[in-house]
Every structure is written in structure tokens, then in C-alpha cells.
2 protein chains.
Amino acid sequence: MTGALDETLTALADPTRRMVVDLLARGPQSAGALATAVGSSPPAMSRHLRVLRRLGLVVGRHDEDDARLRIYSLRPDRLHEVRGWLEDLEDFWSHQLEGFKKHLEER
Amino acid sequence: MTGALDETLTALADPTRRMVVDLLARGPQSAGALATAVGSSPPAMSRHLRVLRRLGLVVGRHDEDDARLRIYSLRPDRLHEVRGWLEDLEDFWSHQLEGFKKHLEER
DNA sequence: ACAAATATTAACGATAACGTTAACCAATGT
DNA sequence: ACATTGGTTAACGTTATCGTTAATATTTGT
């Protein structure tokens, strides 16, 4: 569905959320660690994580040793979706360039 | 600069603007043609094009035959930038997977 | 010169996003 | 039991975004 891309890109448009994604790409972290890492208040971080969770960009599990901690991990599916869209675009772009090249050759 | 990604993703988060980008990837078009193609009013389309222009995603030139028409074309530089960011992310992701794999092997 | 077409800008209102403070819940530790 | 820690939710105000209608160039055609 095309709606998924909308929301994914909206999620990634926010600088704080993109920082979170960057951090989680390097490995899972707790919500609090993410908050301090990006300099955000716990409530604000929780909101951002809820957005990312709703869109399927991250998952949050309870830590086995300390169930208070909620460990978040990245799920790359949506990111692949965005990259796929970009690659499709660039395919069309290259075709457009070929047409332009052919147009020049015909003069 | 990291600020460029912010604005580019914000621009692409809007469904109408993403339709415009999709259309322009297939070839240049006038502002009016884009408006009717996506079912948007001329002022709304003009606003969207101004956003895309400001961020360097498109360029608008005057048509040679009819100077009233403003022909817009796609500039793929910013899109490449987004794709580069995604690819970097996926690189980190794959390293994370390798680490996890190694972790499993050690048990 | 005048009218129509193309596109942009201005001003307005409605809607949604974001952060902050306060309140709340669940789990841990003493 | 009680206080503390980690995280989320609620309520509030601020700010930004988007679309619409009206007004403003600029170019084309008669």
C-alpha cells in the first residue's frame, strides 16, 4: 500500500526519530539510553518510540534481567521499502536520460 | 549537512509531493499539468513546487514556445542522498547481524 | 488595447505534530 | 511495606503545515 510509505517518511522526517533509527541500526538499546543519547526527555522519547513502533520500524521487548527496561530494536523492512521506492524512481530517471541522449543524437 | 536530509524527507513525506516526484521521474511537466494530474488546485501545487524547488529536488524553467508555462524537472541529487543514508543504515544493520550470528556460534 | 490563460503570492482558517509538566503503572531493592 | 527506578500516558500550549479563496503579475491571442 502507498500509505505505508507516507507514514514511514513522515516518521523519518523528524530529526530525533532519525537519530534513534541511526542508533538502533548499531544495536538494540533501552528507551532511557536512547533518550539520554539524543538529549530528549523520557516522555518525548516515549512518544517518538510509539510512532516508530506503530509504523513497524522498531520493536520493544522487556529485558530478561530487568523487566523495567524496554529494549528497542530496529526492523529493516520499512527502510527497505523506502529504498525500493527510491531505486524505482532512479530507474525511471535513467530511462529519461536515455531518451534525452537519443534525442540529442537525432540532431 | 544533516539538515538537508531532514528537509528532503519532510518534503517527500507529503503524498502529493511524492506523486509529483514520481511523475517528474518519468519526464518534465508544466505546473498546470502536474496540478491536474494529481488533482490539486493551482495554488496548492505552486506551494508544493516551491517547497521542492527550495530543497533542490526540482527545477522550473520557462518553456521556449510559451513563456507562460513553467516546466519542472527532477534533480536526483537529493534522492541519491537519501538512498545513501539508507544504504549506510543497512550496512550497520548487517554488521549487527554478523555480531549476533557470532554470538550464537559461541554458545 | 483588451481579454484569456498560466502561474504565483497573500491572507485566512483548520488540522496535526512536537515538547513540557504532572500524574500513573509496573518492577526492583532495602 | 515502602521508596526508587524505568517507562508510559494525559493534558496543555505552541508552532508549523496544508488547502482554499482572492488578488497579482506576465504572457499570449484577437
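So you know, we letter chains A, B, ... as the sequences are listed, proteins then strands, and number each from 1. Since this is a predicted model, take the numbers as computed values, not measurements.
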- Query: Can you tell me how far C1' of C:dA16 sits from CD of A:Glu7, to the nearest Å?
  - Reply: 13 Å

- Taking CG from B:Leu12 and P from D:dC18, how many angstroms apart are they, rounded to a whole number? 12 Å

- For atom CG of A:Asp66 and atom P of C:dT28, their distance in whole Å: 6 Å

- Ignoring hydrogens and angles, tell me if any N or O in the side chain of A:Arg18 forms a donor-acceptor pair with the backbone of A:Leu12 under 3.5 Å. yes

- Query: A:Ser46 has a side chain; which of D:dT27, D:dT9, C:dA27 sits nearest to it?
  - Reply: D:dT9

- Task: Go through D:dG19, D:dT8, C:dC18 for me and flag the one nearest to the A:Pro42 side chain.
- Result: D:dT8

- Given C:dG19, is OP1 or OP2 found less than 4.0 Å from the side-chain N or O atoms of A:Ser41? no

- Task: Give B:Arg50 one of three labels, base, sugar-phosphate or nothing, depending on what nucleic acid heavy atoms sit under 4.0 Å from its own.
- Result: sugar-phosphate

- Backbone N or O of A:Ala67 within a donor-acceptor pair of the A:His62 side chain at under 3.5 Å? yes

- Task: Output yes when a side-chain donor or acceptor of B:Arg53 lies under 3.5 Å from a complementary backbone atom of B:Gly60, and no otherwise.
- Result: no

- Which whole-number value in Å describes the distance from A:Arg61 CZ to D:dG6 C1'? 19 Å

- By nearest nucleotide on DNA chain C, pick out whichever of A:Arg47 and B:Tyr72 is the more 5' one. B:Tyr72

- Query: Of the candidate nucleotides C:dG19, D:dG19, D:dT27, which contains the atom at the shortest distance from the side chain of A:Thr16?
  - Reply: C:dG19

- Atom pair distance, as rounded to whole Å: CE in B:Met45 and P in C:dT8: 10 Å

- Message: Out of the candidates A:Val21, A:Leu74, A:Val51, only one should pair with A:Val58 under the side chain to side chain contact (heavy atoms under 4.5 Å, CB included) rule; please name it.
- Response: A:Leu74

- Flag, side chain of B:Arg75 to backbone of B:Gly56, donor-acceptor distance under 3.5 Å: yes

- Out of C:dA7, D:dT9, C:dG19, which nucleotide sits closest to the side chain of A:Ala44? C:dG19

- Query: Among C:dC18, D:dG19, C:dA7, which nucleotide sits nearest the side chain of A:Arg17?
  - Reply: C:dC18

- Starting at atom CG of A:Leu55, determine the distance to atom P of C:dA17, rounded to an integer number of angstrom. 11 Å

- Item | Options D:dT8, C:dG19, C:dT8, nucleotide nearest the side-chain atoms of A:Arg70 | D:dT8

- Task: Taking only the side-chain heavy atoms of B:Pro43 (C-beta and beyond), determine which of D:dT9, C:dT8, C:dT28 contains the nearest atom.
- Result: C:dT8

- To the nearest Å, how far apart are B:Leu49 CG and D:dC18 C1'? 14 Å

- Using whole Å, report how far CG of A:Asp63 lies from P of C:dT28. 9 Å

- Item | Candidate nucleotides C:dT21, C:dA7, D:dG7, ranked by approach to the side chain of A:Ser30 - the nearest | D:dG7

- Quick one: which of D:dG6, D:dC18, D:dT8 gets closest to the side chain of A:Leu69? D:dG6

- Query: Do any side-chain nitrogens or oxygens of A:His48 fall under 4.0 Å of OP1 or OP2 in C:dG19?
  - Reply: yes

- Query: Is a side-chain N or O of B:Arg26 found less than 3.5 angstrom from the main chain of B:Asp22, in a donor-acceptor match?
  - Reply: yes

- Task: Just compare C:dA5, D:dG7, D:dG19 and give me whichever is closest to any side-chain atom of B:Arg68.
- Result: C:dA5

